[in-house]
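A note on names: the letters A, B, ... follow the listed sequences, proteins ahead of strands, and every chain is numbered from 1.
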Number of protein chains: 2
Amino acid sequence: MNISTRSNDALVRRFQAVAEETRLRIVQLLSHGERCVCELQGDLGAAQSRLSFHLKKLKDAGVVSDRRVGRWVYYALVPESLEEMRSFLGEVKPETPWAGRMGGGGEPCC
Amino acid sequence: MNISTRSNDALVRRFQAVAEETRLRIVQLLSHGERCVCELQGDLGAAQSRLSFHLKKLKDAGVVSDRRVGRWVYYALVPESLEEMRSFLGEVKPETPWAGRMGGGGEPCC
DNA sequence: TTGACGCATCAACGGATATTGATATATCAT
DNA sequence: ATGATATATCAATATCCGTTGATGCGTCAA
């Protein structure tokens, strides 16, 4: 590996978290406000165990937070995390700067 | 599965594409303009075969496009795809609408 | 036409990830 | 204290994904 292998680990984990059908769905549902697991279960028609697995992934990645209320656990989005991903996709900052490619010419590159 | 299993397939594939260290890096590099594979090889210090594999993933997901020029193939970002992901993370639209949760009370949910 | 170069594809392997069913833990109601 | 409910965790399994080295294919230069 190279210099600038200063890994974007957290960011990658966040994208991974969202990069799955069930979890993407969960994010959509949570965008309306917090929900407890049993509600999500109903909305998604997913087995409890499966749902719990995916919620853990999302939580470990920092995409959602949880809060216990009696026997229920409510999950909610963590806006900062979504914003972080969003801003990556928007600005996409440099690692190693270089001069922009010269006008449409056919110069070799290697 | 449920109603509203109208799968977000394309979107999921795009997030998957970005959800890997090497590919995230590639996106960063391409954000400055198109690059050919051999240039990326230098920047990333990755084996040719490996790089080709990841570029294919990105391309199949619609995140990058390629264009051949002589013996070189130049890859570039597809801005619409990035924008699509971005807007998902921003607005996160409903699938199944429902009334917002009532003021912070402790009502059971199931 | 031959050889070098840039890139893609393939097969094999190992490691990660998702699904399921069973079990554990905590909280509440009786 | 007992049993029911909400959720988490675990073990087993199947599938997917990334890496590597080898090979194939198109393109250019001599």
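When each of B:Leu55 and A:Thr22 is assigned the nucleotide of DNA chain C bearing its nearest heavy atom, the one mapping closer to the 5' terminus is B:Leu55.
Summarising the geometry, the separation between CG on A:Leu51 and P on C:dT19 is reported as 11 Å, rounded to the nearest angstrom. For the pair A:Lys56 NZ and D:dC10 C1', the interatomic distance rounds to 12 Å; values are reported in whole Å. Taking atom CD of residue A:Glu39 and atom P of nucleotide D:dT5, one finds them 17 Å apart after rounding to whole Å. Distance A:Asp60 CG to D:dA8 C1': 12 Å, rounded to the nearest Å. Taking atom OH on B:Tyr75 and atom P on C:dC7, their separation rounds to 9 Å, with Å as the unit. Between B:Glu21 atom CD and D:dG18 atom P there is a gap of 13 Å when expressed in whole angstrom units.
Counting distance only, with no hydrogens placed and no angle test, the side-chain atoms of B:Ser49 and the base atoms of D:dT19 include no donor-acceptor pair under 3.5 Å. For D:dA6, its base never sits under 3.5 Å from the side chain of A:Gln48 at any donor and acceptor pair.
Here the CZ-CG distance, from A:Arg35 to A:Asp43, works out to 4.5 Å after rounding to the nearest 0.5 Å. Here the straight-line distance linking atom OG of A:Ser49 with atom NE2 of A:His54 works out to 9.5 Å at 0.5 Å rounding.
Proximity of B:Tyr74 to the phosphate of C:dG6: no side-chain N or O atom is located under 4.0 Å from OP1 or OP2.
B:Val64 and B:Val78 get closest at one heavy-atom pair: C-CG2, 3.6 Å.
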Could you please spell out the steps behind the side chain to side chain contact (heavy atoms under 4.5 Å, CB included) verdict for A:Lys57 and A:Glu20?
CA-CA 11 Å; A:Lys57 285 271 174 183; A:Glu20 202 268 350; over 6 Å; no

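A:Arg23 places no side-chain N or O within donor-acceptor distance of the main-chain N or O of A:Val18, the cut-off being under 3.5 Å. Side-chain N or O atoms of A:Arg13 include one that pairs as donor or acceptor with a backbone N or O of A:Asp60 at under 3.5 Å.
Listed by chain and residue number, nothing satisfies the side-chain hydrogen bond (donor to acceptor under 3.5 Å, both in side chains) test with B:Gln48 (two or more places apart in sequence, or in another chain).
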Report, as a single string ordered 5' to 3', how protein heavy atoms within less than 4.0 Å touch nucleotides 24-30 of chain D: B base, S sugar-phosphate only, - not at all.
---SSS-

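Between B:Asp66 and B:Lys59 there is a salt bridge, since at least one side-chain N of the basic residue sits less than 4.0 Å from a carboxylate O of the acidic one.
Following chains of ILVMFWY side-chain contacts shorter than 4.5 Å, one can reach B:Val73 starting from B:Val63, so the two form part of one hydrophobic cluster.
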Show each protein N/O and nucleotides 12-18 of chain C N/O combination with a separation under 3.5 Å, one pair to a line.
{"residue": "C:dT17", "atom": "OP1", "partner": "A:Gln16", "partner atom": "OE1", "Å": "3.2"}
{"residue": "C:dA18", "atom": "OP1", "partner": "A:Arg23", "partner atom": "NH1", "Å": "3.0"}
{"residue": "C:dA18", "atom": "OP1", "partner": "A:Arg23", "partner atom": "NH2", "Å": "2.9"}

